[in-house]
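Counting starts at 1 for both ligands and their atoms, in listed order.
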Amino acid sequence: MFDTLSERLSGTLANLRGKGRLSEADIDATAREIRIALLEADVALPVVRGFVARTKERAKGAEVSGALNPAQQVVKIVNEELVGVLGGETRRLRFSKEPPTVIMLAGLQGSGKTTLAGKLAFWLKSQGHAPLLVACDLQRPNAVNQLQIVGERAGVTTFAPEPGNGVGDPVDVARRGIEHARSTMFDMVIVDTAGRLGVDEELMRQASDIREAVQPDEVLFVVDAMIGQDAVATAEAFRDGVGFTGVVLTKLDGDARGGAALSVREVTGQPILFASDGEKLENFDVFHPDRMASRILG
Ligand code: GDP
């Protein structure tokens with residue numbers, strides 16, 4: 001991901017190298033190139049507009065400083081703007097003062113939610129926590145089983161409704177899962193919820209009911225970075241229908257153009273907390289806006 005964007009941006013910025021002073025025309029031309037590069041990468045239009053306007057304004061107003069030549073200054077500005085669009089500071093997970101800390105996962109089917117539940121649990125365990133997975137996706141026949149498999153792989157326990165009792169109520173399972181965590185020794189609960197192939201009202205209502213009932217410390221919206229522009233619309237639908245406190249980007253190892261990843265923070269106003277870039281448990285990390293910006297700028 002980001003290869004083409006990376007290439008375009010570094011190419012554009014390399015063109016400035018060696019110039020003693022940048023004219024307005026140089027800056028305008030660079031801004032145009034940046035705009036094209038971002039649009040080609042599928043970054044949402046309002047995000048592109050803001051990014052280019054800020055970069056241009058700052059580049060024009062930049063004083064020639066002793067340490068950096070004009071081209072380096074523009075690179076620095078673009079880097080800072082990228083960090084800003086990605087969220088600025090690294091946003092850490094919020095822990096409850098009274099354990100267990102409850103993290104609810106929401107997102108479309110196929111976004112990588114179940115895989116993420118395992119990765120997050122595995123990561124929390126490596127940080128010295130005792131996480132419990134709670135299976136509240138009672139919609140898909142195989143979902144509970146899938147979560148249990150993921151849990152086993154991560155070496156963590158999964159709380160699931162007893163089989164044979166019909167479909168069951170996900171709100172009730174969430175409540176009982178948290179109660180179970182509280183009465184035993186789990187300090188973290190990861191609640192997996194049902195997803196659909198597309199956004200629908202029932203899905204939103206169910207996720208929203210679970211949120212209301214258990215008041216999670218974090219609601220993480222899991223989004224597949226490969227779905228391009230659709231990611232933005234999906235994120236907006238979840239923001240309005242369920243509400244979330246953070247975003248997890250999955251499938252950053254894909255060859256999509258990456259615009260979704262660059263848009264979701266600014267469009268939803270919520271920070272990206274984690275990123276997943278592969279199917280293995282270890283392909284997961286805290287999201288650092290500055291590192292991602294450096295990776296994009298090469
Ligand atoms: P869910 O329906 O949201 O629970 O999605 P799943 O966790 O079942 O994931 C859907 C598919 O995406 C599975 O085949 C996963 O192995 C795959 N997947 C999940 N995360 C990643 C990732 O970061 N990179 C890649 N390449 N595949 C992933």
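Among protein heavy atoms, atom 23 (O) of ligand 1 sits closest to S276 OG, 2.6 Å. Considering only non-hydrogen protein atoms, atom 16 (O) of ligand 1 sits nearest to E279 OE1, 2.5 Å. The protein heavy atom nearest to atom 10 (C) of ligand 1 is G110 O, 3.8 Å. In this structure, atom 5 (O) of ligand 1 lies nearest to the protein heavy atom G112 N, 3.1 Å. Protein heavy atom closest to atom 4 (O) of ligand 1, with residue, atom name and distance, is T114 OG1, 2.5 Å.
In this structure, Q127 places its CD atom where more than 12 heavy-atom neighbours from other residues, nucleotides or ligands lie under 6.0 Å away. Applying the 6.0 Å contact sphere to CZ of R211 captures more than 12 heavy atoms from other residues, nucleotides or ligands. R291 CZ: 12 or fewer foreign heavy atoms inside a 6.0 Å radius.
Listed by atom number, the atoms of ligand 1 under 4.0 Å from Q109 heavy atoms are 2 (O). Close contacts of ligand 1 with L108, meaning ligand atoms under 4.0 Å from a residue heavy atom, involve 3 (O). Those atoms of ligand 1 that come under 4.0 Å of a heavy atom in T115, given as number and element, are 6 (P), 7 (O), 9 (O), 15 (C), 19 (C). Here is the list of ligand 1 atoms found below 4.0 Å of a heavy atom in K113: 1 (P), 3 (O), 4 (O), 5 (O), 7 (O). Every atom of ligand 1 with a heavy atom of Q146 under 4.0 Å away is listed here by number and element: 8 (O).
Counting heavy atoms closer than 4.0 Å to ligand 1, residue D277 contributes backbone atoms (N, CA, C, O) but none from C-beta onward. The proximity of D192 to ligand 1, defined as any non-hydrogen pair under 4.0 Å, does not occur for either the backbone or the side chain. For D253, every heavy-atom contact with ligand 1 shorter than 4.0 Å involves the side chain, none the backbone.
Taking any N or O of K251, backbone or side chain, at least one lies under 3.5 Å from an N or O belonging to ligand 1. Between G278 and ligand 1, an N or O atom pair is found at a separation short of 3.5 Å. For ligand 1, the polar-atom distance check against T250 finds no nitrogen or oxygen pair separated by under 3.5 Å. Where the criterion is an N or O separation shorter than 3.5 Å, residue side chain and backbone included, L116 fails it with respect to ligand 1.
In summary, the side chains of Q206 and Q139 do present a donor paired with an acceptor at a separation below 3.5 Å, with no hydrogens or angles considered.
Residues F274 and F284 bring their aromatic ring centres within 6.0 Å.
In the hydrophobic clustering of ILVMFWY residues, with side-chain heavy atoms under 4.5 Å counting as a link, V191 and W123 come out apart. Taken together through direct or relayed side-chain contacts under 4.5 Å among Ile, Leu, Val, Met, Phe, Trp and Tyr, L105 and M204 form parts of separate hydrophobic clusters.
Between R295 and F2, the closest heavy-atom pair is NH2-CD1, 4.1 Å.
Contact check on K60 versus D28 returns a salt bridge, with a Lys/Arg side-chain nitrogen under 4.0 Å from an Asp/Glu carboxylate oxygen. Here E202 does not pair with R205 in a salt bridge; the nearest charged N to carboxylate O distance is not below 4.0 Å.
Every heavy atom of G195 sits 4.0 Å or more from the atoms of ligand 1. Residue contact annotation: G107 has no non-hydrogen atom under 4.0 Å from ligand 1. Under the 4.0 angstrom criterion for non-hydrogen atoms, L252 is not in contact with ligand 1.
Applying the side-chain hydrogen bond (donor to acceptor under 3.5 Å, both in side chains) rule to K19 yields the partners D26; only residues at least two apart in sequence or on another chain are considered.
Applying the salt bridge (Lys or Arg N to Asp or Glu O under 4.0 Å) test to every pair with at least one member in residues 250-264, sequence neighbours left out, gives these pairs: D42-R257, D224-K251.
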